[in-house]
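Take a look at the structure below.
The first residue in the sequence is number 1, and the count goes up from there. When reading the values below, keep in mind they use all heavy atoms of this one structure, side chains included, and skip hydrogens, waters and symmetry mates. Model, not experiment: these values are computed from the prediction.
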Amino acid sequence: MYQFSDNIQRGIIYLLKSNKDFYLQIVNLVKPEYFEFPVHGKIFCVVRDYYEKYKKLPNDDFIEQEIKSSKSETESIFDYVDELEYINKLDASAIDGEDYFLDIIEKFAKKEAMKDAIKQSLLLVKEDRMEETEALIRKALTVGRTVDIGQQYFTDFNSRWERIFNKKDTVKYRTILPSLNNSLEGGLGQKELAMVIAPPGVGKSLWLANQAVHSMVEGRKVLYISLEMSEDKIAQRIDSIATLIPQSQLKEASVQLKVSERLELFQSNFPSGKLIIKEFPTGSATVNSIRSLLVQLKNYEDFVPEVLIIDYLELMRPVRENQHEYQAQQRIAEELRGLAMERNLLVWTATQTNRQARSVKIITDAELGDSYGKIRTCDFAVSLNQSEEEFDAGQMRAFVVKSRNGRPRFSVPMKVDYNILKMAEGVPHEE
């Protein structure tokens with residue numbers, strides 16, 4: 001029950017029966033048993049049921065009539081009449097400032113939802129139903145009074161027009177290639193899933209490492225999840241890309257000071273850019289594992305990433321087990337995009353091709369390994385194409401396989417410096 005004064009509880013009753021906006025914000029947060037006095041819980045139920053049926057709030061006459069017809073023989077209608085009269089005569093200061101009431105209701109509802117979830121979880125954990133436990137706790141964490149009923153197509157026209165054409169207010173995340181950014185009108189957006197596609201050993205992880213550095217240069221907070229290489233190995237790759245010191249020299253003790261100085265310079269030039277690298281054992285991490293990590297990072301490091309990099313999709317495990325490989329990969333892609341929307345961030349990942357990709361000049365969706373469904377989910381997909389001759393020359397071609405918000409199916413020439421692991425647009429002889 002609410003651990004508030006009687007007048008605060010009466011103020012809540014007054015507002016919910018007289019203020020439609022207040023009622024709509026709290027109706028899904030409040031339960032009748034939350035009130036200390038059964039009279040208040042009964043009044044709440046009458047108001048709720050009336051609104052659900054008639055889409056408007058009832059007057060006191062209806063409330064009294066409904067209670068009179070449904071009360072038990074041991075109850076007195078005068079208890080309700082007297083209480084309604086008392087509520088209506090509250091000092092204005094007791095019901096002034098509805099935001100305060102909304103805040104305390106929301107805080108209480110969050111606490112009660114978590115308590116209920118923990119109670120139910122005890123049984124689920126005993127039965128080893130861990131996925132249901134995670135879903136239950138996650139649902140409790142989403143309890144809140146935010147009301148978002150979507151977009152009214154006709155009445156929201158002006159605001160929609162302003163959002164679309166006022167580009168300066170749109171958050172964009174640039175890729176490592178300017179031509180791709182131009183086709184995307186500045187870059188990728190929040191709540192999107194992007195993929196890089198390539199055969200083994202061609203450069204998927206290299207692209208993701210370059211993307212991590214590029215995002216830091218933009219001043220972004222980046223979380224890099226490695227499911228194959230160690231945290232130190234990923235960090236060493238990023239060392240070269242950020243400092244322009246060749247990989248072969250990083251192992252020399254005499255170069256350590258030089259690397260440290262250049263990283264300090266990088267930080268001073270891009271102070272808002274942050275990076276955390278986290279490894280999970282191959283095939284062990286689910287989207288729920290990443291959710292848990294995000295909560296820990298926020299609570300213990302005050303770190304909320306804007307860009308999430310998963311290296312790479314096939315090495316994840318779907319939340320739902322016992323699926324065929326092609327179903328599992330599509331499901332993982334759907335879960336990653338759901339995470340992007342839920343956390344308001346951009347997710348980059350990589351995915352493998354099939355064997356036929358080695359024999360084609362341009363990798364398209366036809367060469368995707370195991371599951372075509374994963375590309376249906378993503379917002380942007382680019383393939384990395386390279387012949388043996390191009391590898392020897394430090395060349396590569398990026399091909400836009402899919403783009404929801406820009407031009408698809410075009411190639412961009414790339415140069416790759418394998419000494420410092422840096423990717424860029426253009427060809428080597430242009431330098």
Side-chain angles (χ1 to χ4, degrees), residues 173-185 187-189 191-208 210-211 225 227-228 287 307-318 320 323-341 346-388 390-391 395-414 416 423 425:
Y173 300 84
R174 294 195 296 271
T175 73
I176 64 176
L177 304 180
S179 291
L180 300 187
N181 300 328
N182 291 338
S183 75
L184 293 164
E185 298 184 350
L188 294 163
K191 303 181 180 181
E192 292 187 345
L193 173 63
M195 287 183 183
V196 57
I197 307 166
V202 171
K204 297 185 300 298
S205 294
L206 204 56
W207 174 285
L208 294 178
N210 274 267
Q211 187 62 56
I225 304 291
L227 305 171
E228 185 174 39
V287 168
V307 179
L308 171 62
I309 296 175
I310 311 289
D311 189 7
Y312 55 93
L313 184 145
E314 280 84 356
L315 301 182
M316 287 188 67
R317 182 166 58 90
R320 297 178 185 174
Q323 294 178 317
H324 294 294
E325 185 63 26
Y326 72 93
Q327 292 174 324
Q329 290 185 23
Q330 179 176 340
R331 182 63 183 168
I332 292 168
E334 292 168 351
E335 291 167 352
L336 285 176
R337 193 171 192 281
L339 182 65
M341 298 183 70
L346 169 66
V347 176
W348 265 104
T349 190
T351 187
Q352 298 272 29
T353 60
N354 56 30
R355 293 180 181 179
Q356 284 71 33
R358 292 286 189 184
S359 60
V360 299
K361 186 175 178 62
I362 295 290
I363 295 170
T364 68
D365 50 16
E367 284 73 46
L368 280 175
D370 296 314
S371 173
Y372 177 81
K374 56 193 170 187
I375 200 170
R376 288 201 298 264
T377 305
C378 75
D379 299 276
F380 181 81
V382 58
S383 66
L384 302 181
N385 304 270
Q386 187 180 57
S387 64
E388 291 296 331
E390 287 172 322
F391 173 78
Q395 294 177 301
M396 190 178 286
R397 288 161 288 115
F399 178 75
V400 179
V401 178
K402 179 181 179 180
S403 180
R404 276 204 175 109
N405 303 311
R407 173 191 168 200
R409 309 191 72 78
F410 69 97
S411 293
V412 179
M414 294 174 57
V416 187
M423 290 176 158
E425 186 168 335

For the residue pair [X] and [Y], what are the closest heavy atoms and their distance?
X    : Y    : answer
P408 : S403 : CB-N, 4.2 Å
L346 : Y173 : CD2-CB, 3.6 Å
A398 : V382 : CB-CG2, 3.8 Å
I363 : P199 : CD1-CD, 3.6 Å
V401 : I197 : CG2-CD1, 4.2 Å
C378 : K402 : O-NZ, 2.9 Å

- [ ] Check the pair V287, M316 against side-chain contact (heavy atoms from CB on, under 4.5 Å), reporting the backbone distance first and the verdict last.
- [x] CA-CA 8 Å; V287 168; M316 287 188 67; 3.9 Å; yes

Task: Flag for S205-E228: side-chain donor and acceptor within less than 3.5 Å - done: no

TODO: Ignoring hydrogens and angles, state whether a donor on the side chain of Q211 or T175 is under 3.5 Å from an acceptor on the partner side chain.
DONE: no

Separation between [atom1] of [X] and [atom2] of [Y], rounded to the nearest 0.5 Å:
X    : Y    : atom1 : atom2 : result
I176 : W207 : CD1   : CH2   : 4.0 Å
N354 : S359 : CG    : OG    : 8.5 Å
L368 : T353 : CG    : OG1   : 8.0 Å
I375 : Q329 : CD1   : CD    : 12.5 Å
D365 : R376 : CG    : CZ    : 10.5 Å
K204 : T349 : NZ    : OG1   : 10.0 Å

Open item on the list: Closer than 3.5 angstrom, by distance alone: can the side chain of N405 be matched with the main-chain N or O of L184 as a donor-acceptor pair?
Closed with: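 No, the answer is negative, given that no donor and acceptor are paired below the 3.5 Å cut-off.
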
Is the closest side-chain heavy-atom distance between [X] and [Y] below 4.5 Å?
X    : Y    : value
V202 : M396 : yes
L336 : W348 : no
R404 : E192 : no
S179 : M414 : no
P200 : Q352 : yes

- [ ] Check step by step if side-chain contact (heavy atoms from CB on, under 4.5 Å) holds for E390 and R397.
- [x] CA-CA 9 Å; E390 287 172 322; R397 288 161 288 115; 2.7 Å; yes

Task: From I362, T364, V400, residue fulfilling side-chain contact (heavy atoms from CB on, under 4.5 Å) relative to R409 - done: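 That would be T364; it is the only one of I362, T364, V400 passing the side-chain contact (heavy atoms from CB on, under 4.5 Å) with R409.
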
- [ ] Identify whether the distance between the nearest side-chain nitrogen and carboxylate oxygen of R337 and D379 falls below 4.0 Å.
- [x]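 Yes.
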
